[in-house]
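Counting starts at 1 for both ligands and their atoms, following the listed order.
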Amino acid sequence: MATEAIAREFTREDAATLDRRDPLARLREQFLLPEGLIYLDGNSLGALPKAVPQRIERTVRQEWGEGLIRSWRSEAQWMQLPKRIGAKIAPLIGAGADEAIVTDSTSVNLFKLLAAALALQRQRGRRVILSEGGNFPTDLYIAQGARDFLAGTPELRAVPTEGLVDAMSHDVAVLTLTHVDFRTGYRHDLDGLTAAAHRHGILTLWDLSHSTGIVPLALNRAGVDLAIGCGYKYLNGGPGAPAYLYVRRELQEQLRQPLAGWIGHRQPFAFETSYAPAEGIARMLCGTPTVLSMAALDAALDLWDGVSLADIRAKSVALTELFIRLVEAAGLAEVELASPRDPERRGGQVCFRHPEAYAVVQALIAQHVIGDFRAPDVMRFGLAPPYLRYVDVYDAVQRLVGIVCGRQWDKPEFRQRGAVEVT
Ligand SMILES: *Cc1c(COP(=O)(O)O)cnc(C)c1O
């Protein structure tokens, strides 16, 4: 009741005061954001950093146009991009510079690491993949593919969240989970589940797509074995940006991955006829680096120089708390919180259920607030601290409340379903 009263009295001026005190406020200037738009989809496709178009221009015109093939090895060092960008991601996930590398897509990296973990564990008589039924679809599909295509993997055990620890038996090879749930923002206890898995001799493979750049991560401290994550969400690497993968240092020499392409070879340019994996994490590479998209991600990552992830997390909690309080203070009959109420169990997004969630989200977009819809009835709002202000949250909630109270969503054009709904 007390918090409701506080929220009811909270004004736009109060939000502006929070913005003036925000230690991250300066970061917003480093993005190119459309005037008047409130962008609440930074968890799906991050906004465009100002540094990216300049970098793409340089990479295309100078490095490619003039340097041509020399740029693989000259100053541009194209061949080094996967490692160099991986080293920029490493501090964001609590890993050593030689434990992260940028390559391929999240889905492909999951397959490579899952297969590598299964091959290692098979020698120890462990053959089961353990995951949860609500995992992100690509994670489940890739695990199903691995089960069906890799010899001797009889089972994908996908259980409810509460059943994970009980399902950790002596036959489980690898536990693969998404740290922050794409639909609700539910955040797993990464440390606790990793420790429990290790007590049972199980390797852990975390999908950090909805965590990297928003939730402080300490993979080394937690002893995480393997991880993957996305470059285009909170890392702002651009549509279809390359993904990254992490392999704990001690495991690197023990793992072999199935997509044994030439760039992961010990000596790619010796053109030998048989495969020998590169030393360290480079063995997880497959083919030629996608230079143009890597250049975009590389430039986007410079934003994190000198940024404290503790500040990012503090603002993320403050923004999500404010969003929830303002919505709940409005007392909307049909709107129900779908994210965990405890910020400790939440990532960087807030979600609400509404029976007409799809139409409500369309009506919001018409009022220049971009959020998204997840079937069957979830409205999802990803709040990216580097470029979102407290006044944006205030204004977005005002419009949401207006749309729901005034049934402004109830129009044919807002009920019409479109074709693309990206993660
Ligand atoms: C966004 C996301 C992906 C993306 O996979 P792609 O291969 O880039 O399409 C994978 N897993 C999770 C949990 C995600 O949120």
Non-hydrogen side-chain atoms of Leu203 and Leu251 separated by less than 4.5 Å: yes

More than 12 heavy atoms from other groups under 6.0 Å of CZ on Arg266: yes

Leu110 and ligand 1 - part of the residue with a heavy-atom distance under 4.0 Å: neither

Nearest option to atom 3 (C) of ligand 1, as decided by whichever heavy atom of Lys233, Arg183, His210, His179 sits closest: Lys233

Partner set under side chain to side chain donor-acceptor pair (under 3.5 Å) for Gln367, not counting sequence neighbours: Gln408

Which of the ligand 1 atoms, numbered from 1, are nearer than 4.0 Å to a heavy atom of Tyr232: 1 (C), 4 (C), 5 (O), 6 (P), 8 (O), 9 (O)

Distance filter under 4.0 Å to Ser105 heavy atoms, resulting ligand 1 atoms: 7 (O)

Distance-only N or O hit between ligand 1 and Thr138, under 3.5 Å: no

Lys/Arg-Asp/Glu bridge criterion (N-O < 4.0 Å) met for Glu321, Arg341: no

Within 45° cone and under 6.0 Å: Arg346 NZ/CZ vs Tyr186 ring: no

Which segment of Ser107 sits under 4.0 Å of ligand 1 when only heavy atoms are counted: both

Close-contact set for ligand 1 against Thr178 heavy atoms, below 4.0 Å: 13 (C)

Selection residues 69-83 - residue pairs positive for side-chain hydrogen bond (donor to acceptor under 3.5 Å, both in side chains), sequence neighbours left out: Glu63-Trp78

